[in-house]
Undergrad: 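For reference, the structure I am asking about is given below.
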Amino acid sequence: MAVTVMEQICSCLDEKRNFLLSGGAGSGKTYTLIQTLRHVFLSSPKARVVCITYTNVAADEIKERSPYSKLRVSTIHDFLWDEIKEYQKNLKRTLLSLISAEKCSKGSGLTYSGDFEINEQSFEHVKYQNYRDLELGIISHDDLLKIAHHMFSRYPLLSKIFCDKYDYIFIDEYQDTQREVIDIFLEYIKPTAKNRLCVGLFGDKMQSIYDTGVGNIESYVASGDVNEIIKEDNYRCAISVINLLNRIRSDINQKPAKKTESDDIANKPGSAIFIYSDNDFDLHAFRESKFASGWDFDRFDKTRILFLTHKLSAVRLGFADLLSAYSINDRLIGKEPDRLAQHMLKIGGILYYYGQKKYAYVLSEIQRGLKKLSDKNHISIALARLYADLDSSIEQLIEEFDKERFIRKDDRFEEFIMNHAEVYGRVKILPARQVLEYYKYYNDFSPYSTQHGIKGAEFDNVLVVMDNGRWNNYNFKYYFEQTADKESVIQRTERIFYVCCSRAIDNLIVYYPNPSPKTIARARVLFGDENVHDLD
């Protein structure tokens, strides 16, 4: 009888051997991580366990599903800072050493271009924040990883202390973890950790789509330092989609995995179709085609259209000018929008929910107080006027919201505008309507997403548009034609293509504008002759 995945993991846990669980998209890696935690705490209730995740959202999910009192769940940055923050003397020396190293060899340390020389008397403590000010001893996210890496490589006692504190370290989505972090656990701690600390990694090298991630740890697997365990299940995708995924990659051959023995909830047959056209993608034309039959584009949780860049979506939604205005200071779309972007999102939210007639939410969000009935009437009249006048400028919209005391311009907003006059100069003259469209896109109230932004998500129907958007890191033509001497671009493109296709639960369509005969021939190999169609 074949040894199951969990039996292989349990063997590694019991013998304190490092392991890697490699599973394709939809294989239930997080569920297996939860099972792993359950085994550890059933076997050893007092075990000291750390689970490291890539995001706070992932950390919260694991906490909710694994409520063990002895379990510590953390993002990698918070965890490493907690491990080194008490050693201030060593932190100071490391910070100064890395600044000095950068001056001697670019890229080897921490860049510092301040006017004052930094020494041990410059600040009392090293502090970790979401911004950087090295003159005050304040380090940021990227600095922290370099400093922790340097300290674990320089001070072996730190590894010994670490191994005395923990029995198991589990790293979720390991492929997105930076190389410095992997080196800490598998290189610097390794001599001390043997038979004392078990490191378990969960993820998929094919889903490595961020430039900062390690991608794979094949060297550690080849050396025997890490035992690789393959998980071939796919609980998410329809059979047609699974067959496509297995043609895209050769290292893992996934199989449909029934949730129970009941046939009615087994993996569906589904569809995976490649369509092409002489024209760029047009949503209206696609919705009118037979291929979109049964797709509900107003259910954003069920149907999603994936572009490679935000710009390709912004053009179709009508806020491309606003996105372009941020080309120099690009803090419009990311997880930490700047002060101006935050202000516009607040205004956009009120406009959006007003348009949805969710007036209770609107009243809860505006900053103007309600003292009498006439206040509510005034708000209703003012919002109706502002909503009907979205062809005015963004500056006029911001000023009107401030004047009506709906969203006030506080001191921090005014300070940002003063310090970023060039950006605001480009933004303020644009139509106010773009604020509303920006809000809808940022909060997933549209059918569009970027191909990077949906990693980890799943939808009943997925349409992937093969348009590079002038991004040189990716090239769908190179990928489908297997162009010579373009291996690195092809590999990156293959990974993002795999991630996109594997988001589909039931139906997948890949749309390719203006393909070459070679591209169509390759599509027939991947999708099958019967699933390749000309839209025109």
Side-chain angles (χ1 to χ4, degrees), residues 111 113-115 127 129-136 138-142 309-311 313-315 317-355 361-369 378-379 382-446 450:
T111 57
S113 56
D115 297 328
K127 296 176 283 293
Q129 301 289 345
N130 60 0
Y131 65 95
R132 167 200 259 210
D133 191 335
L134 296 184
E135 289 182 14
L136 299 178
I138 298 173
I139 61 173
S140 64
H141 300 318
D142 293 339
T309 68
H310 292 299
K311 185 176 181 179
S313 296
V315 167
L317 289 172
F319 71 98
D321 294 333
L322 178 57
L323 188 66
S324 297
Y326 264 74
S327 58
I328 296 175
N329 182 32
D330 190 11
R331 295 290 297 280
L332 192 71
I333 300 295
K335 295 178 181 178
E336 297 178 357
D338 62 27
R339 181 61 56 184
L340 173 58
Q342 289 178 38
H343 197 84
M344 289 190 292
L345 286 172
K346 290 178 182 177
I347 293 174
I350 290 176
L351 292 173
Y352 174 78
Y353 283 104
Y354 177 81
Y361 179 87
V362 171
L363 292 175
S364 71
E365 290 297 302
I366 63 175
Q367 296 168 354
R368 179 174 182 145
H378 176 85
I379 291 170
L383 282 175
R385 172 175 53 82
L386 292 169
Y387 194 82
D389 192 26
L390 291 179
D391 290 329
S392 63
S393 71
I394 289 178
E395 181 179 42
Q396 288 174 303
L397 183 68
I398 290 174
E399 293 298 332
E400 284 292 323
F401 263 71
D402 180 66
K403 177 183 174 182
E404 294 290 350
R405 303 197 303 278
F406 293 162
I407 299 294
R408 303 301 301 268
K409 298 187 299 180
D410 60 18
D411 292 342
R412 289 187 295 174
F413 175 82
E414 296 285 11
E415 181 183 2
F416 180 89
I417 296 304
M418 183 176 63
N419 293 332
H420 299 83
E422 186 177 352
V423 174
Y424 189 58
R426 295 193 297 265
V427 168
K428 69 181 184 180
I429 61 176
L430 299 175
R433 187 175 306 280
Q434 296 201 25
V435 171
L436 175 59
E437 297 305 327
Y438 163 50
Y439 174 84
K440 287 158 63 175
Y441 180 69
Y442 189 88
N443 289 279
D444 288 333
F445 295 142
S446 85
T450 62

Undergrad: Taking all non-hydrogen atoms of both residues into account, name the closest pair between T450 and T309 and its distance.
TA: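 T450 and T309 have their closest heavy atoms at CG2-C, 3.8 Å.
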Undergrad: Do Y326 and D338 pass the side chain to side chain donor-acceptor pair (under 3.5 Å) test, and can you show the C-alpha distance, the side-chain angles, and the key distance before you say yes or no?
TA: CA-CA 11 Å; Y326 264 74; D338 62 27; 3.1 Å; yes
Undergrad: Start with the C-alpha distance between S140 and Y131, add both sets of side-chain angles, then the distance that settles side-chain contact (heavy atoms from CB on, under 4.5 Å), and finish with yes or no.
TA: CA-CA 5 Å; S140 64; Y131 65 95; 5.9 Å; no
Undergrad: Determine the minimum heavy-atom distance between H343 and R408, stating which atoms define it.
TA: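 That closest heavy-atom pairing would be CE1-O, 3.1 Å.
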Undergrad: Do I350 and I407 come close enough that some side-chain heavy atom pair is under 4.5 Å?
TA: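 Touching, per the 4.5 Å side-chain cut-off.
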Undergrad: If we only count heavy atoms from C-beta on, is the F319 to Y442 side-chain gap below 4.5 Å?
TA: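 A side-chain contact is absent here, since even the closest heavy-atom pair is not under 4.5 Å.
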Undergrad: Q396 side chain to S393 main-chain N or O, any donor-acceptor pair under 3.5 Å?
TA: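 Yes; at least one donor-acceptor contact below 3.5 Å.
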Undergrad: Might you point out which heavy atoms bring V423 and A325 nearest each other, and give the distance in Å?
TA: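 Minimum heavy-atom separation between V423 and A325: CG1-O, 4.2 Å.
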Undergrad: Check whether more than 12 heavy atoms from other residues, nucleotides or ligands sit under 6.0 Å from atom NZ of K127, and answer yes or no.
TA: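 Count over threshold, so yes.
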Undergrad: Between F401 and L351, is there a side-chain heavy-atom distance shorter than 4.5 Å?
TA: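 They are in contact (side-chain heavy atoms under 4.5 Å apart), so the answer is yes.
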Undergrad: side-chain contact (heavy atoms from CB on, under 4.5 Å) between Y353 and Y439: does it pass, once the steps are laid out?
TA: CA-CA 11 Å; Y353 283 104; Y439 174 84; 3.3 Å; yes
Undergrad: Is any side-chain heavy atom of E422 closer than 4.5 Å to one of R426?
TA: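 Answer yes - side chains close enough.
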Undergrad: What's the shortest heavy-atom distance between G348 and L436, and which atoms?
TA: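 Smallest interatomic distance, heavy atoms only, reads O-CD1, 3.9 Å.
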Undergrad: Could you tell me the separation between the CG atom of N419 and the CG atom of L340, rounded to the nearest 0.5 Å?
TA: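 N419 atom CG to L340 atom CG measures 12.5 Å (nearest 0.5 Å).
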Undergrad: R132 and T111: which non-hydrogen atoms are nearest, and at how many Å?
TA: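 The answer is NH1-O, 2.6 Å.
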Undergrad: So, does D402 use its side chain to make a donor-acceptor pair with the main chain of I398 at under 3.5 Å?
TA: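 A pair under 3.5 Å: no.
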Undergrad: Does N130 CG have over 12 foreign heavy atoms under 6.0 Å away?
TA: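 Yes, CG of N130 has more than 12 neighbouring heavy atoms, counting only those of other groups under 6.0 Å.
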Undergrad: Could you check if a side-chain atom of F406 sits within less than 4.5 angstrom of a side-chain atom of L386, using non-hydrogen atoms only?
TA: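 Yes, close enough: below the 4.5 Å cut-off.
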Undergrad: Under 3.5 Å, is there a donor-acceptor pair between the side chain of Q342 and the main chain of P337?
TA: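 Side chain of Q342 to backbone of P337: a pair is present.
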Undergrad: Is the shortest heavy-atom distance from the side chain of L322 to the side chain of I394 under 4.5 Å?
TA: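 In short, these two side chains touch, coming nearer than 4.5 Å.
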Undergrad: What pairs with K440 under salt bridge (Lys or Arg N to Asp or Glu O under 4.0 Å), at least two apart in sequence or on another chain?
TA: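 Testing K440 for salt bridge (Lys or Arg N to Asp or Glu O under 4.0 Å), a comparison that skips the adjacent residues, returns E437.
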Undergrad: Mind checking salt bridge (Lys or Arg N to Asp or Glu O under 4.0 Å) for E365 and listing every partner two or more places apart, or none if nothing turns up?
TA: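 In terms of salt bridge (Lys or Arg N to Asp or Glu O under 4.0 Å), with neighbours along the sequence ignored, E365 is linked to no residue.
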Undergrad: Hey, what do you get for OG (S392) to CD (E400), rounding to the nearest 0.5 Å?
TA: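 Spacing of OG (S392) from CD (E400) equals 8.0 Å.
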Undergrad: Return the minimal non-hydrogen interatomic distance between S313 and Y441, and the atom names on each side.
TA: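 Closest heavy-atom pair between S313 and Y441: CB-CE1, 3.6 Å.
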Undergrad: Is the backbone of F416 close enough, under 3.5 Å, to the side chain of H420 for a donor and an acceptor to pair up by distance?
TA: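 A pair under 3.5 Å: yes.
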Undergrad: Between D389 (side chain) and R385 (backbone), is there a donor-acceptor pair under 3.5 Å?
TA: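 Pair absent, no side-chain N/O of D389 close to backbone of R385.
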Undergrad: Would you please test E404 and H378 for side-chain contact (heavy atoms from CB on, under 4.5 Å) and show each step?
TA: CA-CA 9 Å; E404 294 290 350; H378 176 85; 2.7 Å; yes
Undergrad: With a 4.5 Å limit on heavy-atom distance, are the side chains of E415 and R339 in contact?
TA: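 They are not in side-chain contact.
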Undergrad: Which residues satisfy the salt bridge (Lys or Arg N to Asp or Glu O under 4.0 Å) test with D133, sequence neighbours excluded?
TA: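 Counting only residues at least two positions away or on another chain, D133 forms no salt bridge (Lys or Arg N to Asp or Glu O under 4.0 Å).
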